[in-house]
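Data first, discussion second: the structure below is written as structure tokens.
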2 protein chains.
Amino acid sequence: MTRPSAPLRAIALSVLALLAISPALADEGMWLLNNFPSRTVAAKYGFAPDQAWLDETRLSAVRLAGGCSGSFVSPSGLVMTNYHCVVGCVQDLTTAERPVYSRGFTAKTTADEVQCPNVEINQLIEVTDVTPKVLDATRGKSGAAFADAQREAIATISKACATGPDVRCDVVNLYHGGQYDLYKYRRFQDVRLVFAPEYDTAFFGGDPDNFNFPRWNLDAAFLRVYQDGKPLVAPHHFRFSKAGAKEGELVFVAGHPGSTSRLNTVSELVYERDAAYPAMMMRMSELRGMLREFEKRGPEHKRYGESTRFFVENTIKSSKGQWDTLLDPAFMARKTADETAVREAVMANPELAAKYGDAWDKIAEAQQVKRRIGPRHAALEGRRPLLSTLFGHARRLVRAADELPLPNEKRLKEYGDAALPGLRQQLAARSPIFKDLEVEMLALSLTFMREQFGTDDPTVKSILGAKSPEELAKELVSGTTLEDPAVRMKLFEGGKAAIDASTDPMILFAKKLDTEARAVRRQYEADVEAVEDQYGEEVAQAWFAVRGKDTYPDATFTLRLTYGDVRGYEHDGRTVAPFTTLGGMFERATGADPYDLPQSWFAARDRLDLATPFNLVATTDILGGNSGSPMINRNREVVGLVFDGNIHSLGGEYWFDLSKNRTIAVHSAAMLEALGKVYGGQRIVDELTAAR
Amino acid sequence: MTRPSAPLRAIALSVLALLAISPALADEGMWLLNNFPSRTVAAKYGFAPDQAWLDETRLSAVRLAGGCSGSFVSPSGLVMTNYHCVVGCVQDLTTAERPVYSRGFTAKTTADEVQCPNVEINQLIEVTDVTPKVLDATRGKSGAAFADAQREAIATISKACATGPDVRCDVVNLYHGGQYDLYKYRRFQDVRLVFAPEYDTAFFGGDPDNFNFPRWNLDAAFLRVYQDGKPLVAPHHFRFSKAGAKEGELVFVAGHPGSTSRLNTVSELVYERDAAYPAMMMRMSELRGMLREFEKRGPEHKRYGESTRFFVENTIKSSKGQWDTLLDPAFMARKTADETAVREAVMANPELAAKYGDAWDKIAEAQQVKRRIGPRHAALEGRRPLLSTLFGHARRLVRAADELPLPNEKRLKEYGDAALPGLRQQLAARSPIFKDLEVEMLALSLTFMREQFGTDDPTVKSILGAKSPEELAKELVSGTTLEDPAVRMKLFEGGKAAIDASTDPMILFAKKLDTEARAVRRQYEADVEAVEDQYGEEVAQAWFAVRGKDTYPDATFTLRLTYGDVRGYEHDGRTVAPFTTLGGMFERATGADPYDLPQSWFAARDRLDLATPFNLVATTDILGGNSGSPMINRNREVVGLVFDGNIHSLGGEYWFDLSKNRTIAVHSAAMLEALGKVYGGQRIVDELTAAR
């Protein structure tokens, strides 16, 4: 399934090498809605979305702040997204009395809808160009000074925009520093679960079928946004198509691809290929093996282990596909040729040469720094440091105590005023934390760290002392009380004094690590990120000068629109048809994991129209973060729900191959059929299909 | 610790690109004992081993057929090797009453020495050049015909040499097909355990310290070879030096490095870097994570899991070091420049161009085939197929039934007459098999296979049917009786009729897989190995023609002699001294795994001379397979026991870097101190140090 692969994204970086867009690449493109190529679409498909169409689409599409996409699908705030985007909520809400995980969940009435502890939904209401403000702030600076100036400028702009906790403002870097836009969102934090199928239905076929097609997955869920305790009034929403998508039909996908590296320089790609992926893939593989065994300890272990493993396996499979692209000599040859051509054009023009001539080499030097300090940075400052939820809370609390007394623009960016509502929601979330799994994750991370830095490294010695990673992990996890949201909120509200007074072992541990973690981060920001940003801007300008600016920026978890048509493909000499049917799922259900279809389906089998299209593929250009995106037709009706790409789509991280790259979606008709006939969700069907 | 990394070796192949040997590389070289550069050694160290010295060394050094080295160290057949080379025997002999694994083992008298179920020792008694016979057989042939002719010629030569079960004859391919030698060994299969320390002493520091220096490991064990039920009379043996090695002293290591790739062509190195290592490292990492959890189930699980994991971790660490060398742009640039220079010289000479001009391209094409069929070959025909001991036995039995009725030269090579004593020993071995671990290993392998081939692959479908990998693994492992050596021997002796009649599920399963496994092997031999052999010979001849033949061949698990001196090195700006002491181990013993030193040492502490040198480093050129090699001085006295290389030695797979590459050995004085004062082994000390 499609989703940002956090561990890699935490390592991967972003600078530029625009691809030459040629006619052969039609359908490629994760386009901004304020710079959409409507004329190109009209020429190919005879339909040109106008600005009203685009604005309405922007307001109907939403983002799940955790890393997914979704859309309003009724005037009462109903939101459609993927099951895998809300599996955390499913875990949080599962109890012995309410087995959401194993049995699914259908709210019979609005009153039965249950709040998800940790879901935030964003609706994009305004986009403003702030490029001059940001570039003015950093002009003439480099290294740490560049990083500081950029951070301060962004914090100031965001704060001025964020007028209250229900407004979220992000300054977005596009074209690797070529453009900065201010994105203003409405922020919704009261989000309730309306429908989710069983885990085994959503992930039917599990890891073996993941990123494959044909496919039979009901990877769908419905949420509802509440405001002031009542369903949101949502005038902007997509209607639902009962007929769904047809072969050859023009479709659009509006969503939030997390991150692509299509514009990276060759030296950055080589770093990813030779340093980032090898380390990341080995870590993920080890985690996978650990979880596989962990699950055998008992039913709770199975539930937490299995769902964690599914994300790990998803990361492994998607990252492997991306890595394979980098390992393909043809790909690297094309990237190198493209970059060489632009550099030669730059050097042939004295003015361009003076401005941009050394940018690529500077970025290449930063890759060498990254090789040296990258592992330490990833271990101490990665997106999920130490793989532990409890440690994550401890770090948040320790840092908040230090950061919040500072002026807004001097803080680490995740503690800026604009970020506080999200921080507060995370700390207050009533998500259960499974301590047995925490111990294993933390022990594994500490083992990784010792392995990476060495037994005799001063940090390792100071952390472990005479303990083994397992002993320390057990001690910290069993001793902490941070699993209790009330404890966390009390420490948060208590500020620095409360943290200084705390004897919670996880807090003490986070404090112990923090000096070095901050130092490594600071060095990484100054010597890697600032260099890549500063010279990335130059490389971007150089490409614009040589090749023109008529293209789309790399994905940055901001709203994009992509177009294409419903179409199969050729693979290994076989033709893959664009649709599967509900009947096909029954044929594939052997009963053995992961092909064990829940009983609900067999009970409903006779009522179902087995010829109903189930999953489908289209040529739209999507990637991680697009999970949960609506697939709509020219009338802005939902014809499908994007949940994955095929195996060939994974190279989409680096390029787009129209002949094979396909989006995979749940067909709208299948959602209606399943909701109505399998899950007792006629109420939802009626809401989706009401005439309006 | 140093050892052939089986999974990779099963993938990695062997063709040629001789390095230019320059004076800067002195001390480099895994030299044949019949082509030793005595004059070079004399020029540098003032000592030239003569042929008598070399012959005596050859007859005193031995090989452990499982993948290690050793040496005779007394006239009564006492053999010194590493603990990690006999850890399988330690496992086999461990019972509740005889806790060899946790407490170590010291035989008080000869009568207390216990037979290892599955150890074979080989002593090299004769080397004959058979190059013309082999090359005549394959001349003018290619593909499958080449592979068949080569196999038949080798089988015929080996059979003529192997006059009885106590003689082992291997035809050895040197210089990637440039030379074929017949190696004739005395074969010993009655090998008994005399001494082993505790697992925790042998592996003190575990994975974190592995391949590091400074180091404190008693990775030593003593065996005794028996003949006709009595200790072997061994006139050829090394004496033991009480003083051991001194800094700066000339030392030699005689042993059996398993495999190097220093002479591989660039296209082969790229295949390893971009295809073989990524897949292998992910698999190994997953296995590691699985084992880490498996060990927590109970004490037996811990014992089997931990020792298996140590080998897995060893493979991961050593392979990562090798891979990092391939990922080093400077390394690849040098290899490419070297190869390009030779190819240009070949093309500039019309005669050489006509003979050898296309050899490199042919090998490069074979790498493309390898990319396509390599994963299938590795899954179905790898050195430890399906990671399962029980499946390994089943395959051996099924294939023996098919192969043994054929004439010797038509059989798969591991079923030739020359290989039968080893096969019989493996099948008859009374090594206990831990079924819980077997289930996990088999389930993991079947999952890998489904992942690699896909759920809809015909082989996968036919194997799994409606079962999950876990279900099938459980069914096969619990249903089979092949853990009983008597059952295996009955099936072996019963031949084809017995196998046809067997209803053992593992036998049935092995039969089911065998058709395709054989087909893949056949294709691999014809389209990959035969091409690499045929054109590897040409590349070798081309290098000889351009650069001369005064070099050593890549390692092939045959006896080699390397020389150097005891010397520290510089690392990260620090000077690493060449010795550690017994006292240093006590300082490092935190009590937490893997720094938990057994009680025996604390009990003996007051009696020990803590200044005794413990481990040491030298500049000798060793690699996997050299484990257990004696380090000797110019008087052919044991001054150390090789058990590892430092982290910089791992690149030794591909090149030798004198400034950093170091052999790690247990000092002879430390072995005597520990045997006498910690383990009650004065009898062994006396035997080692008796005047003779």
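Residue numbers begin at 1 in each chain, while the letters A, B, ... track the order of the sequences.
In this structure, Phe213(A) has no ring pair (Phe, Tyr, Trp, His ring centres under 6.0 Å) partners at least two apart in sequence or on a different chain. Residues satisfying the ring pair (Phe, Tyr, Trp, His ring centres under 6.0 Å) test with Tyr304(A), not counting sequence neighbours, are Phe434(A).
Between chain B and the residues Thr447(A), Asp324(A), Val270(A), the largest count of heavy-atom pairs under 4.5 Å involves Thr447(A). The choice from Arg273(A), Arg297(A), Arg283(A) that makes the most heavy-atom pairs within less than 4.5 Å of chain B is Arg297(A).
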- Message: Determine whether Ile316(B) and Glu286(A) satisfy the following criterion, side-chain contact (heavy atoms from CB on, under 4.5 Å), listing intermediate values before the conclusion.
- Response: CA-CA 11 Å; Ile316(B) 289 174; Glu286(A) 185 165 344; 5.6 Å; no

- With salt bridge (Lys or Arg N to Asp or Glu O under 4.0 Å) as the test, would you mind laying out the steps for Arg292(B) and Glu440(A) before giving the verdict? CA-CA 10 Å; Arg292(B) 193 194 296 283; Glu440(A) 300 308 318; over 6 Å; no

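With salt bridges taken as basic N to acidic carboxylate O contacts below 4.0 Å, one links Arg288(B) and Glu451(A). A salt bridge does not link Glu293(A) to Lys296(B): none of the charged side-chain nitrogens sits closer than 4.0 Å to a carboxylate oxygen. Between Asp456(B) and Arg588(A) there is a salt bridge, with a side-chain nitrogen of the basic residue lying less than 4.0 Å from a carboxylate oxygen of the acidic one.
Here the CG-OG1 distance, from Asn212(A) to Thr455(B), works out to 7.0 Å after rounding to the nearest 0.5 Å. Taken to the nearest 0.5 Å, the CG atom of Asp274(A) stands 9.5 Å off from the CE atom of Met332(B).
If you measure heavy-atom distances from Lys317(A) to chain B, you find no contacts under 4.5 Å at all. Contact of Leu287(A) with chain B is not made at all, since no heavy-atom distance falls under 4.5 Å. In this structure, the portion of Leu444(A) lying under 4.5 Å from any heavy atom of chain B is its side chain and not its backbone.
Smallest separation of non-hydrogen atoms from Ala592(B) and Glu471(A): CB-OE1, 3.5 Å. A pairwise comparison of heavy atoms in Arg450(A) and Asp593(B) identifies NH1-O, 4.3 Å as the closest pair.
For Lys467(B), the NZ atom counts as loosely surrounded, since its 6.0 Å shell holds 12 or fewer non-hydrogen atoms of other residues, nucleotides or ligands. Environment of NZ in Lys435(B): crowded, with over 12 heavy atoms of neighbouring residues, nucleotides or ligands closer than 6.0 Å.
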